[in-house]
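The structure appears right after this line, and notes come after that.
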Amino acid sequence: MGKEVRLDKFLADAGAGTRSEVKKFIQKGLVHVNGNLIKKPEQKIDKETDQVVLAGEEIGAAPEFVYYLLHKPSGCISATEDRKEKTVMDFVPDKRKDLFPVGRLDKDTEGLLLITNDGALAHNLLSPKKHVEKTYYAVTEGKVTEEDVQKLAEGIDIGEKKNTLPAKLEILSVKEDPENVWKSEIYLTICEGKFHQVKRMMEALGKKVVYLKRISMGSLLLPEDLKRGDCRLLTDSEMSLLRKIQEKP
Ligand code: URA
């Protein structure tokens with residue numbers, strides 16, 4: 001990345017306000033660069049060496065890469081923009097233009113979704129060669145059985161060229177709901193990321209998924225206190241878990 005950036009972009013990227021807010025700050029004479037008052041938003045600055053002060057407060061450059069953890073709610077799509085639908089980016093407080101979701105969750109799926117601008121990391125996490133484990137909590141119609149556990153452990157046909165890789169199915173409960181429909185609660189851990197994979201795997205066993213939530217990716221867990229629609233930066237310890245996934249051979 002080049003070191004030279006427009007002053008308004010530098011301030012907006014650093015979180016000082018939206019692009020139009022910071023333009024106003026600059027035009028009002030609230031911004032000094034290396035002690036000089038600058039009133040032109042388009043003024044180029046060196047983000048590594050120039051000192052930028054807004055209303056008496058020094059503003060540090062935004063980090064090159066940022067990593068957000070979103071608890072995706074249902075009803076939004078995993079895309080950066082869409083003319084009709086709400087996207088996962090609507091929940092990210094940071095309005096940098098280079099952010100994108102790492103992989104996709106269906107519109108009606110909830111749970112852990114990483115949002116970053118680090119393309120290399122995203123590539124690593126999504127690479128089929130890395131076999132990063134993703135665990136989902138799901139509710140299905142019908143009675144999930146030990147036979148299903150066995151079948152998923154061996155790999156099943158979901159209409160792709162090859163059977164699915166071995167997956168871990170844990171049955172949490174099998175019970176009749178108030179409308180006398182049998183429902184099963186499960187955890188399913190897969191290390192692939194095919195389109196609608198969990199739904200198709202369960203469908204192949206005759207069990208329709210009626211609720212789906214991703215609760216982990218590698219050793220990164222969806223925090224219990226992160227509410228649906230909440231999005232925050234990864235903590236240092238979460239960052240090191242993420243790097244471990246990446247380092248896997
Ligand atoms: N599998 C699915 O079927 N849907 C998702 O959103 C994620 C995994």
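For the numbers below, each heavy atom of this structure counts, side chains included, while hydrogens, waters and symmetry mates do not. Atoms within each ligand, like the ligands themselves, are counted from 1 in listed order.
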Let me see the working for Lys47 and Asp13 under salt bridge (Lys or Arg N to Asp or Glu O under 4.0 Å), right down to the final yes or no.
-> CA-CA 11 Å; Lys47 64 183 180 184; Asp13 287 351; over 6 Å; no
Applying salt bridge (Lys or Arg N to Asp or Glu O under 4.0 Å), run through Glu192 and Lys162 and close with a yes or a no.
-> CA-CA 12 Å; Glu192 301 168 281; Lys162 288 186 183 163; over 6 Å; no
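Put simply, the side chain of Leu112 does not reach to within 4.5 Å of the side chain of Lys134, judged on heavy atoms.
By the 4.5 Å side-chain criterion applied to Ile, Leu, Val, Met, Phe, Trp and Tyr, Leu172 is assigned to a cluster that also includes Tyr137, Val139, Tyr187, Val210, Tyr211, Ile215.
A distance limit of 4.0 angstrom between heavy atoms and ligand 1 selects the residues Leu105, Asp106, Thr109, Tyr136, His196, Gln197, Val198, Lys199, Leu212.
For the side-chain contact (heavy atoms from CB on, under 4.5 Å) test, residues two or more places apart in sequence or in another chain that qualify with Arg104 are Ser78, Phe195. Residues satisfying the side-chain contact (heavy atoms from CB on, under 4.5 Å) criterion with Pro166, sequence neighbours excluded, are absent altogether.
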